[in-house]
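A short write-up of the structure that comes next.
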Amino acid sequence: MRSFRYSLPATDLIFGKGSLEYLGTELRKIGKKALLVTGKKSMKRLGFLKKSCDSLEKAGLEVVHYGEVVPNPTVEVVDKGTERAIDNGCDVVVGLGGGSAIDTAKNIAIATGHFEGEKISIWEFAGVHDKPRQITSKSLPVVAIASTSGSGSHVSRFAVVTNQKTREKTGIMSPFICPKLSIVDIDILSCMPPSLTAETGFDALTHLMECFVSKKANPITDFTCLKAVKLIFDYLPQAYNRGDDMEAREAMALADTFAGWALVTSRPVLPHALSHPLSAFYPEISHGIALGALTPGIMQFNIDRGDEQVVSKYCQIARMGGEKVTSCSKKEALKSVKAVQELLEKIELDITLKDLGVKEDSFEDMIESAFTTMKGPIEANPVPVTREDILNLYSKSM
Ligand code: NDP
Ligand code: MN
């Protein structure tokens, strides 16, 4: 076995049905005045915003609500939230929602913590610059309450943000935004409608498969990713068809948590590298849908070009997807693509880029954006990729 380095994730995780009730008592150990970050509708409509506020206020905390997060959150949304946190003197940021609300909470925590009297924007910290502003321990503590099982953001060090002006979607990374406390309450997750279950569940599957085949993989992620890939193949169709199936929801939430940890200790590869520019140029295309359109073609490409070790990894994924794999060959490895395609059909996510309204004349700009914003995942791909390969992969997904 080759040597490796592994940092244990630093999040205190409370997992289970009804766990939102612990929010107030646990948060009291972290701060006094919380900025509670949510999207515009779902958490209010479903009553979880009120439940969270009640729990916090009962524990003696002050709460300021910021409910303007949009899917694929923008720099403007983060900067406005930062102003709200600064104006109100908040000392902890809570994200209640999916990856979008949790990532926005993390980004607000960075910008607010580094405020020194001058106007501040989260974009100053983005890795797309030659010299981005350093993220330090001044960042406010973050608490995450997950309402989807897909981004793994509740246990990760990443926060994604989109700059609509430059059409760049990028991940900001720092150990200081890894949530101190994370609550995974199955009651919240079971409210996801089928389409959201499908898109977020497929996102989690790609995190696991990508971190498993990644050049940055290690024996610990290999072990957990494979186990969690099987959980998703086994339970995602069930969660999609029966939203109130608690066993399926729990399995998906667990797989998403493993995936979040894998993102921290390994690294995603090409599907994520190519899906972010897609959402940056077509903001209406959700992250999970973009991944559904791109992943099978990229798996084929990696198997086709991969060495024995890469092929063996895809054979193992095929087995987790229920395929019978007798030997380790490229032909057998392609059964992993079949398993993924069948899963996409079951959850009605077998869509092409053309179906999504993507135009071929945006490919060149998207490729440019991939090389500036997603260099890490491109380099971590198990086989080398050129601009021409990426053009072919986008074209193949039409
Ligand atoms: P979002 O947070 O974008 O939520 C999508 C939609 O679902 C929103 O309209 C939201 O409504 C609604 N919603 C959320 N939870 C529920 C629920 N329980 N019941 C009903 N409706 C609900 O979805 P994702 O979790 O997929 O997050 C995607 C974002 O996360 C992307 O920006 C992606 O790039 C990022 N991401 C981050 C990663 C990280 O490591 N930080 C990794 C992977 C992805 P409303 O807005 O009204 O609340
Ligand atoms: Mn993702």
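Atoms within a ligand are numbered from 1 in the order they appear, just like the ligands themselves. Scope of the values below: all heavy atoms of this structure, side chains included, with no hydrogens, waters or symmetry mates.
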Ligand 1-proximal atoms of Pro73, by part, heavy-atom distance under 4.0 Å: side chain

For atom 8 (C) of ligand 1, tell me which residue out of Gly39, Ser151, Pro71 has the closest non-hydrogen atom. Pro71

State, yes or no, whether a side-chain contact exists between Ile378 and Ile390 at a heavy-atom distance under 4.5 Å. yes

Ligand 1 versus Thr200: contacting region, heavy-atom distance under 4.0 Å: side chain

Please step through side chain to side chain donor-acceptor pair (under 3.5 Å) for the pair Asn107 and Thr104, ending with a clear verdict. CA-CA 5 Å; Asn107 282 327; Thr104 303; 5.9 Å; no

Note: ligand 1 atoms sitting under 4.0 Å from heavy atoms of His207 are 42 (C), 43 (C)

Are any of the side-chain heavy atoms of Tyr6 and Asn218 separated by less than 4.5 Å? yes

Given side chains that start at C-beta, do those of Ile108 and Tyr66 come closer than 4.5 Å, heavy atoms only? yes

Counting heavy atoms under 4.0 Å, the part of Asp203 that contacts ligand 1 is side chain

Thr38 touching ligand 1 at heavy-atom level, < 4.0 angstrom: no

At a 4.0 Å cut-off, with the gap strictly under it, does some heavy atom of Pro193 reach an atom of ligand 1? yes

With side chain to side chain contact (heavy atoms under 4.5 Å, CB included) as the test, pick out the partner of His154 among Ile145, Thr11, Ile183, Asp256. Asp256

Which is the closest N/O/S atom of Asp203 when seen from the Mn ion (ligand 2)? OD1

The NE2(His207)-the Mn ion (ligand 2)-NE2(His272) angle, to 10°, is 90°

Show which atoms of ligand 1 fall inside a sub-4.0 Å distance from at least one heavy-atom site of Gly98. 2 (O), 25 (O)

Got a donor-acceptor contact below 3.5 angstrom from the His129 side chain to the Trp123 backbone? yes

Between the main-chain N or O of Tyr22 and the side-chain N or O of Thr25, is there a donor-acceptor pair closer than 3.5 Å? yes

Proximal candidate to atom 13 (N) of ligand 1 [heavy atom criterion; set Leu189, Thr74, Leu196]: Leu196

Looking only at heavy atoms, is any part of Lys40 under 4.0 Å from ligand 1, and if so is it the side chain, the backbone, or both, or is it neither? backbone

The answer for which part of Lys169 has a heavy atom under 4.0 Å from ligand 1 is side chain

My understanding is that we take every heavy atom of each candidate and find the minimum distance to atom 15 (N) of ligand 1. Doing that for Ser42, Ser147, Gly99, which one comes out nearest? Ser147

